[in-house]
Each structure stands twice: as C-alpha cells, then as structure tokens.
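Reading through the structure tokens given below for one structure.
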Number of protein chains: 2
Amino acid sequence: MSSCALCEPSPQDILWQDDFCRVVLLNDADYPAYCRVELAAHIKEMTDLPPADRARTMRVVFAVEAALRETIQPDKINLASLGNKTPHVHWHVIPRFESDKHFPDSHWAAPVRDSEVQALSKDLRDQLQRVVAERVECALEG
Amino acid sequence: MSSCALCEPSPQDILWQDDFCRVVLLNDADYPAYCRVELAAHIKEMTDLPPADRARTMRVVFAVEAALRETIQPDKINLASLGNKTPHVHWHVIPRFESDKHFPDSHWAAPVRDSEVQALSKDLRDQLQRVVAERVECALEG
C-alpha cells in the first residue's frame, strides 16, 4: 500500500496529463495560478531518472512556465523541486508578482505583506488549460 | 554599468566554469555544500533561453546534484530557480539532511531546530570539485 499522496489519483484540478506526468492547478489562495508538474512514477530525485526522462520532465516544466507567462504575465516565475515531505518528484511552477504576499522572498518564507488575490476566473482557468496543453504537446513533439 | 551581482566576477569558490555558466560553492554556514549554477548571460527566465540552452543548463544542474549525492550523501536534494531578487538565471542545488536547520521545510522557511554544522574540510571540498568537474564534463559531452 502506498502512503504517498502523489501516487494516488490527484484531488487537484488536472490541466494536462499523460502516462509520464500530470500538470495540476493547485488553486492556492495566495497564488491562484500556482501549478505543479507531478511525475506518475514514485521517483525521489531527478538523478534517479534516466537522462531522457529528466529532459522530458523539464520540457513539461518549461512548457508550463511559458503557458503561465503567456496567460498570467507574472513579474517572475519561480521553479522548484524540493520533495522533503513528499519524496516523489514534483515541480512547483509559481507565477510571482511584486505585489504578492512574499515577494521578493520565496513563497515558503514569512509573508512580507497582506495581499488580496482573486481566484482565477473560469475563463482564465480554461485559457490556461488550453495554452498548457498546446505548449506541452509542442514541447514533447520537438 | 551592470547592477547585477551575477554579472560580476564571482566572490564565491568556483568549482567549475565554462563560457556558459559557473558552478559555485556558497560556503553557507548552515548548508556547507550548498552549490549554485549561475549562467554567464543576464537572462531572467529559463524560457528566455532557447531550448538547447535550457537543456544545457539542466544537464549542469543535474550533474551537480549527482556530484553532491556521490560526495555528501544527503537525505534529499532541493533544486530551485527563483530569481526574485536577482533576475539572472541561477539554480540553487542544496543537499538537505533530516537533521538540518529547516528540514523538512524549505531552507527559506523559518528554522525548525538548531543545527551544528561543520564547514567542509579541504579534502571534501576538493573531492566535490573533482566530482563536479567529472560529472559536468561527462554530461556536456553526452
């Protein structure tokens, strides 16, 4: 029996998936367009993957970055793969704004201001899903 | 005139470099084997790079991860490219231990314990440099 949340079907909003990985929208209250790229396989470190699968993972991560830049126009993108609590490779892809709760610090640091953030509208969420799918599929064909 | 610290010659301990990027050892007091991969060019986001340069960057990052795993045997590797304060692509490659100051949280979060950490010995620093060079050069030949 698995005790790894990422080995289970996702409770999140899945924007795109194939047999290798899924792209989910976390609906984070402070970061409404915060996405995660989660591998299907229970792999702890990127270097536990063969080089071709590392490259495939990053093509998806960068496609999500590109889709977020096109759709949300953040001031900065933050990318991270930590996995200290959930040692199953997943990449955080976080659009950051100068007005957000932690900027310019990591969103894992203490807040530096209050922020009022609106949830993504249905239209924007659907647009993001379309652009993520286009960008990921283009990146994987390349 | 540049006001970007990463556009300047590095004040850090350079473990490896070429015209594209450098690998530095930060000599962080809490994370003595904390490395950073810093691009030579002043590029803000990974998706501002052409795909071949993104792939080159990640081959170096994963080579450093592999070298740290071989040399230091951490409990987990953390990878991150934030750049909110210094929008010039650089990757944090952080060997984490269950006993470290922030584990299992991000090292950007509040400390969860005191930790006593020894600086890297000269022998271990030199071994890390050798293995980083071997791993990076092998990855870039591939």
Side-chain angles (χ1 to χ4, degrees), chain A residues 44-59 61-70 73-98 100 102-112 135 138-142, chain B residues 44-59 61-70 73-98 100 102-112 135 138-142:
Chain A
K44 183 173 174 180
E45 304 283 10
M46 284 298 292
T47 50
D48 290 330
L49 290 167
D53 285 348
R54 299 176 203 168
R56 183 181 183 93
T57 303
M58 298 317 297
R59 280 200 294 275
V61 169
F62 298 139
V64 173
E65 169 177 314
L68 285 168
R69 293 180 74 186
E70 180 177 335
Q73 293 95 38
D75 295 315
K76 190 72 193 66
I77 290 284
N78 288 181
L79 303 175
S81 171
L82 308 187
N84 303 323
K85 294 173 186 170
T86 307
H88 173 139
V89 170
H90 58 284
W91 281 87
H92 304 267
V93 187
I94 313 160
R96 301 294 308 273
F97 291 91
E98 292 178 3
D100 74 33
H102 305 84
F103 200 92
D105 293 336
S106 154
H107 86 296
W108 285 290
V112 295
R135 293 286 195 152
C138 176
L140 295 181
E141 277 168 17
Chain B
K44 182 172 174 181
E45 303 283 12
M46 284 299 291
T47 50
D48 291 330
L49 290 167
D53 285 348
R54 299 176 203 166
R56 184 181 182 92
T57 304
M58 299 316 299
R59 281 200 294 274
V61 169
F62 297 139
V64 174
E65 170 177 314
L68 285 168
R69 293 180 74 186
E70 181 177 334
Q73 293 95 38
D75 294 316
K76 190 70 192 68
I77 289 284
N78 287 182
L79 302 175
S81 170
L82 308 186
N84 304 322
K85 295 174 186 171
T86 306
H88 173 141
V89 169
H90 58 284
W91 280 88
H92 304 266
V93 187
I94 314 159
R96 301 294 309 273
F97 291 90
E98 291 177 3
D100 74 33
H102 304 85
F103 200 93
D105 293 336
S106 154
H107 85 297
W108 285 291
V112 295
R135 292 287 195 151
C138 175
L140 294 181
E141 278 169 16

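Residue numbers start from 1 in every chain, and the chains themselves are labelled A, B, ... in the order their sequence lines are given, proteins ahead of strands. None of the values given here were measured: they were computed from a predicted structure.
Using the six-membered ring where Trp is involved, W108(A) and W108(B) have ring planes that are parallel, under 30° apart on the 30 and 60° scheme.
For chain A, the nearby part of F103(B) is the side chain; its heavy atoms alone come within less than 4.5 Å. If you measure heavy-atom distances from D48(A) to chain B, the contacts under 4.5 Å come from both the backbone and the side chain. Of the two parts of M58(B), only the side chain, counted from C-beta on, holds a non-hydrogen atom closer than 4.5 Å to a non-hydrogen atom of chain A. Heavy-atom distances place no part of A55(A) under 4.5 Å from chain B, backbone and side chain included.
D105(A) approaches N84(B) most closely through the heavy-atom pair O-ND2, 3.6 Å. Contact detail for N78(B) and L82(A): the closest heavy-atom pair is ND2-O, 3.3 Å. The two residues E45(A) and D75(B) have their closest heavy-atom pair at OE2-O, 4.3 Å. Of all heavy-atom pairs spanning F62(B) and T47(A), the tightest one is O-CG2, 3.3 Å.
Interface remark: of the candidates R69(B), K44(B), H107(B), E98(B), R69(B) forms the most heavy-atom pairs closer than 4.5 Å to chain A. By number of non-hydrogen pairs under 4.5 angstrom with chain B, the leading residue of A80(A), A110(A), P104(A) is P104(A). Ranked by heavy-atom pairs under 4.5 Å with chain A, the list A109(B), G83(B), S81(B) is led by S81(B).
With values rounded to the nearest 0.5 angstrom, S106(B) atom OG is found 9.5 Å from H92(A) atom NE2.
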For this session: For side-chain contact (heavy atoms from CB on, under 4.5 Å), just list the numbers for V61(B) and R54(A), CA-CA rounded to whole Å, side-chain angles, deciding distance to a tenth of an Å, and then say yes or no.
Result: CA-CA 11 Å; V61(B) 169; R54(A) 299 176 203 168; over 6 Å; no
